[in-house]
Amino acid sequence: MGAMTSAAADGDDVGEQPELRYDFPPPPVGGWTADDLDRMPGLPPHTELLDGGLFFRSPQTYFHMATLRLLGGLLLAQAPSDVEIIREMSIGKRDRPEPDLWRYV
């Protein structure tokens, strides 16, 4: 019997996915700012800015979003009147996270 070989061993690229590549300009000295994030074309959805660096989130599922809606409503119902429960808030010049839930006073 002949030896069995895989397609990859034969040099075929079966099953390999092409690597996605985003070509962003090099960051400025000191890192990106929230203003840069607003003007940068071609960013993937939900790109976060943390300490001047770009971070890319994976898409969220329906279950994740429904859970956040439920939890956010429950937290808001229990919070003092001067506290809000919010999402996707920019908190500084060098940071723009998209937290699941955020307590805002």
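Values in this document were obtained by computation on a predicted structure and should not be read as measured data.
Leu54 has its side chain within reach of Met40: a pair of non-hydrogen atoms, C-beta onward, lies under 4.5 Å apart.
Sequence neighbours left out, the pairs with a member in residues 45-56 that pass salt bridge (Lys or Arg N to Asp or Glu O under 4.0 Å) are Glu48-Arg57, Asp51-Arg94.
Here the straight-line distance linking atom CZ of Phe56 with atom CG of Leu43 works out to 6.5 Å at 0.5 Å rounding. The distance from the CH2 atom of Trp32 to the CG atom of Leu50 is 15.0 Å, given to the nearest 0.5 Å.
Between the Asp36 side chain and the Thr33 main chain, a donor and an acceptor come within less than 3.5 Å of each other.
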What side-chain donor-acceptor pairs closer than 3.5 Å can you find for residues 69-81, not counting sequence neighbours?
none

Check against side-chain contact (heavy atoms from CB on, under 4.5 Å), Arg96 and Asp38:
CA-CA 10 Å; Arg96 184 171 290 161; Asp38 291 336; 2.5 Å; yes

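In the hydrophobic clustering, Phe63 connects to no other residue, as no ILVMFWY side-chain heavy atoms lie under 4.5 Å from its own.
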